[in-house]
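Everything below concerns the one structure shown next.
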Amino acid sequence: LLKTPHVMVRNNCAHVSAECKQLESFPKCPAITFCLQEPKKKYFSLFPQTIHVAIVCAGYNASRDVVTLVKSVLFHRRNPLHFHFITDSIAQQILASLFTTWMVPAVRVNFYDADELKSEVSWIPNKHYSGIYGLMKLVLTKTLPSDLQRVIVLDTDITFATDIAELWAVFHKFKGQQVLGLVENQSDWYLGNLWKNHRPWPALGRGFNTGVILLLLDRLRKLKWEQMWRLTAERELMSMLSTSLADQDIFNAVIKQNPFLVYQLPCFWNVQLSDHTRSEKCYKDVSDLKVIHWNSPKKLRVKNKHVEFFRNLYLTFLEYDGNLLRRELFGCPSEADHNSENLQKTLSELDEDDPCYEFRRERFTVHRTHLYFLHYQYESADDSTDVTLVAQLSMDRLQMLEAICKHWEGPISLALYLSDAEAQQFLRYAQGSEVLMSRSNVGYHIVYKEGQFYPVNLLRNVAMKQVNTPYMFLSDIDFLPMYGLYEYLRKSVLQLDMANTKKALVVPAFETLRYRLSYPKSKAELLSQLDMGTLFTFRYHVWTKGHAPTNFAKWRTATTPYRVQWEPDFEPYVMVRRDSPEYDRRFVGFGWNKVAHVMELDAQEYEFVVLPNAYMIHMPHAPSFDITKFRSNKQYRVCLKTLKEEFQQNMSRRYGFAALKYMTAENNS
C-alpha cells in the first residue's frame with residue numbers, strides 16, 4: 001500500500017506528493033505531518049503542517065509594508081500559518097486590528113513586545129536606518145515560545161512569488177550542526193572593495209543576507225546561541241565600534257567563526273534588489289524566482305534590468321484585494337475561530353428571502369480595517385479641553401482634505417472607505433501634498449470596501465474609536481468649519497462645564513451652491529452672505545426639518561449659548577464627550593444615519609446647546625451614489641422605513657417610557 005501512489009485519506013486531508021509515497025520519506029514532506037490511525041485498517045490521516053513565520057515590525061510605515069508581504073504569502077500558501085510579530089505598540093495596535101477584521105482562515109497571530117527586548121540589544125551601536133529594531137532578530141531564540149522548534153524569519157520588504165511551504169521544506173536538508181539557512185549576500189559589501197578604506201564586519205566570503213532566515217530554534221538554544229552572538233559582538237565592537245547593517249553584521253561574524261552553523265540556501269530564495277548586486281545570476285528566467293527582497297533604501301527605484309517585472313509583481317500584491325485571501329484552505333480543516341463561527345451563526349439566522357436581507361446583512365459585515373495608514377503623532381493638550389474632528393469619506397472626496405486641514409488646526413480622525421488599489425492612490429495623493437504631509441495630527445484609518453452599501457455609520461464608529469482627546473466634533477467631510485472653530489470649541493468646554501454635564505454642542509450648519517466661495521471670516525460676514533443669497537441654512541430647500549430646531553432666527557442675534565429641544569428628524573453637527581454612544585450600524589448609505597444617533601443622544605438625556613459664534617459651511621458636490629439609489633429605488637426606501645421602525649422599537653425596549661415620544665413623533669410626522 002505504502003509503495004503505491006494511492007494513500008487512503010480521511011478528514012479531507014491534503015494530497016500526497018509524488019516524492020512522499022514511501023513510509024520512510026513521509027517526515028520529509030514539506031507540508032504534511034502524519035499519524036497512523038487504526039493500524040488494522042492500514043490507512044494514514046494526513047494534515048497540513050503549520051508554518052511559523054517571524055517578522056520584526058515597528059512604526060506606521062513598516063506596518064503598511066508588511067501587509068504586502070503577508071498578501072504575497074497568503075496568495076500562494078496551502079498551509080496553516082502562524083505569524084509571530086515582534087512589534088512596538090504602534091505596529092501591534094495596527095496589525096492586531098487588521099488581522100482581527102481580516103478574518104483569514106487557518107492564520108494565527110501572536111505579538112511580542114519589542115520594548116521588552118530593547119535592553120537585550122540597546123548596548124550595540126547601530127548605524128543602519130532600521131535602528132534598534134534591526135537588531136531584534138538576534139534574540140528570537142529567547143523571545144519566541146520555548147516549544148517552537150523552527151521558524152522562517154522575514155524582513156518586511158520581502159515579496160513571495162511561490163508557496164512558502166517550499167521554503168519550509170528546506171529545513172529537512174539541514175545536516176549535522178546546521179541551524180541557520182541563509183542566502184549569500186549578492187553585493188560586494190563584505191568583500192570590502194566598494195570604496196577606499198571601506199572596512200566591513202568579518203564574513204565568510206561574500207557573507208550572507210538576513211532578509212530571509214531559516215532558524216532551527218531548538219538546536220540554536222542547545223548551542224547557547226545567546227552567549228555565542230553576544231561574545232562575538234562584544235569582541236568585534238572593540239575594533240568596529242558599531243554595526244553598519246544591524247543584525248546581519250553580527251550573524252556574519254558568528255558564521256565566520258563557526259561556518260558549520262550555516263546551510264546555504266539557493267539564491268532564488270532571496271533575490272536582493274539593491275544597486276550593484278549579482279541578483280541577476282540567481283535566475284535564468286523570471287519564472288525561477290521564489291522571493292524578492294527590496295533591500296535597497298531606493299526600494300522600487302533600484303537598478304536592475306528586470307526591475308519592471310519585479311515592480312509589477314510587487315504592485316500586484318500591493319493593490320490586490322485582500323478580501324479574496326479569506327478563502328478556506330482546500331482539504332485542510334482549520335482551527336475553530338469563535339468570532340468567525342459566531343458571525344456565521346448570526347448570518348445563518350437571517351432570512352435570505354427577506355427583501356431587506358442585504359441591508360440586514362451589511363450590519364454584521366466585518367470590514368478589514370487598517371488603522372493609522374500614515375504616520376501619526378499627537379499628544380492631547382494637558383488642560384482636558386482638547387477636541388478631535390471626526391469625519392468619513394470615500395475616494396471622490398479626497399479633494400476636501402487639504403481645505404479641512406487649513407480650517408482646522410486640531411487633531412482629526414478620518415475613516416476612508418477604499419479598495420486596496422484606491423488606498424495606494426490615496427497614499428500617493430497624501431505624500432504629494434505639502435499640506436497633508438505637514439500635519440502629523442491627522443489619523444487616516446482605511447476601511448476596505450466590501451458589499452454594495454456605503455457603511456457610513458461603521459466608518460464614523462471606526463474614526464470615533466481612534467479619538468484620543470476628551471471631546472470630539474462629529475462632522476462630515478463636505479463641511480468646512482469656520483476658521484478658529486477648534487479654539488472656540490475648547491473654550492466652550494470650560495464655559496459650559498462639559499466635563500460634568502451631558503451636553504451636545506450644536507455648530508449651526510450652512511451651505512453654498514457655489515464652488516468658489518469667499519469663506520466668511522466672521523459671523524457678521526456670514527450673515528451678510530446669508531442675506532445676499534450666497535449662503536443658505538443647510539438643506540433649507542430639501543430637508544428643512546433636519547436643522548430647523550437649531551433656530552437660525554434666534555442664532556442671528558444670539559450672543560450666548562442657548563438650549564434647544566429635540567424634534568423629529570433633527571440631525572445637527574455636534575461636539576460631545578468621547579464616551580458618547582456610537583452610531584447605529586443598521587443604517588447604511590443615505591438616510592437616517594445621523595438622525596438615529598441624535599435620537600440616541602436625546603434618549604440618554606444630552607442637552608442640545610447651540611453655540612452663538614460657531615458655524616460650518618457645506619461645499620457643493622455631485623450627488624452621491626447612495627442618495628441616487630434612495631431617490632430611484634422604491635425597495636431602498638421601503639427597507640429604510642422598516643429599519644427606522646425596528647430602531648424605534650429597540651429604543652422603546654432600551655429606554656422604556658421615555659422613548660415613547662419617538663414613536664409618537666414619527667407617527668405624527
Side-chain angles (χ1 to χ4, degrees), residues 14 17-20 28-32 48-55 65-83 107 137 150-174 178 180-187 206-216 248 251 262-274 277-296 299-300 302 304-318 320 325 329:
S17 56
E19 64 267 27
C20 297
K28 298 178 182 178
C29 291
I32 295 174
Q49 190 173 0
T50 297
I51 294 172
H52 292 265
V53 180
I55 302 170
D65 293 340
V66 80
V67 176
T68 308
L69 160 60
V70 170
K71 281 184 183 178
S72 71
V73 173
L74 291 175
F75 181 84
H76 296 286
R77 64 100 180 218
R78 290 175 293 176
N79 289 70
L81 296 171
H82 191 154
F83 288 101
V107 169
K137 284 184 277 189
R150 60 191 63 180
V151 68
I152 296 173
V153 187
L154 302 173
D155 281 354
T156 58
D157 53 0
I158 292 286
T159 305
F160 267 77
T162 193
D163 189 342
I164 196 171
E166 294 179 36
L167 180 58
W168 187 260
V170 178
F171 275 118
H172 298 295
K173 297 183 179 181
F174 283 30
Q178 291 173 336
L180 303 168
L182 292 162
V183 170
E184 186 180 54
N185 204 46
Q186 290 156 23
S187 77
R206 306 186 70 85
F208 294 91
N209 183 278
T210 56
V212 176
I213 316 175
L214 301 190
L215 288 184
L216 272 181
Q248 185 168 299
F251 270 103
V262 70
Y263 173 85
Q264 185 169 334
L265 296 169
C267 70
F268 52 64
W269 284 117
N270 184 352
V271 178
Q272 299 148 40
L273 296 182
S274 50
T277 71
R278 295 151 46 96
S279 59
E280 293 166 20
K281 297 184 179 180
C282 290
Y283 53 91
K284 294 179 181 177
D285 187 85
V286 287
S287 61
D288 299 333
L289 291 167
K290 304 286 189 183
V291 173
I292 300 165
H293 186 187
W294 302 89
N295 63 320
S296 164
K299 300 305 178 189
L300 299 189
V302 73
N304 181 290
K305 71 179 182 180
H306 296 123
V307 72
E308 271 305 309
F309 174 84
F310 298 134
R311 188 183 293 121
N312 288 335
L313 181 67
Y314 174 81
L315 292 175
T316 297
F317 292 116
L318 188 71
Y320 189 80
L325 298 168
L329 292 183

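Positions are given from 1 along the sequence. Values below: every heavy atom of this structure, side chains too, minus hydrogens, waters and symmetry copies.
Between atom CG of residue Asn209 and atom CG of residue Asp155 there is a gap of 7.0 Å, rounded to the nearest 0.5 Å. Taking CD1 of Ile158 as the start and CG of Asp65 as the end, the distance is 12.0 Å to the nearest 0.5 Å. In this structure, CG on Leu214 lies 9.0 Å from CG on Leu180, to the nearest 0.5 angstrom. Rounded to the nearest 0.5 Å, atoms CG (Leu216) and OH (Tyr263) are 12.0 Å apart. For the atom pair CD1 (Ile164) and NE2 (His76), the distance works out to 10.5 Å, reported to the nearest 0.5 Å.
Asn185 and Arg206 get closest at one heavy-atom pair: CB-O, 3.3 Å.
Judged by distance alone, with hydrogens and angles left aside, the side-chain atoms of Lys137 form no donor-acceptor pair with the main-chain N or O of Val153 at under 3.5 Å. Checked by atom type and distance alone, the side chain of Gln186 pairs as donor or acceptor with a backbone atom of Asn270 at under 3.5 Å. Within the 3.5 Å criterion, the main-chain N or O of His293 finds no donor-acceptor partner in the side chain of Gln272.
Under the ring-ring contact (aromatic ring centres under 6.0 Å, His included) criterion, Phe160 pairs with no residue at all, not counting sequence neighbours. Judged as a side-chain contact (heavy atoms from CB on, under 4.5 Å), and not counting sequence neighbours, the contacts of Phe268 are Pro266, Lys290. Residues forming a side-chain hydrogen bond (donor to acceptor under 3.5 Å, both in side chains) with Thr162 (at least two apart in sequence, or on another chain): Glu166. Shown here are the side-chain contact (heavy atoms from CB on, under 4.5 Å) partners of Thr68, two or more places apart in sequence or in another chain: Tyr314, Phe317, Leu318. Partners of Val262 according to the side-chain contact (heavy atoms from CB on, under 4.5 Å) rule, which considers only residues two or more places apart in sequence or in another chain, are Leu182, Phe208, Ile255.
Using bins of under 30°, 30° to 60° and over 60° for the plane-to-plane angle, the ring pair Phe171/Phe174 lands in the tilted bin.
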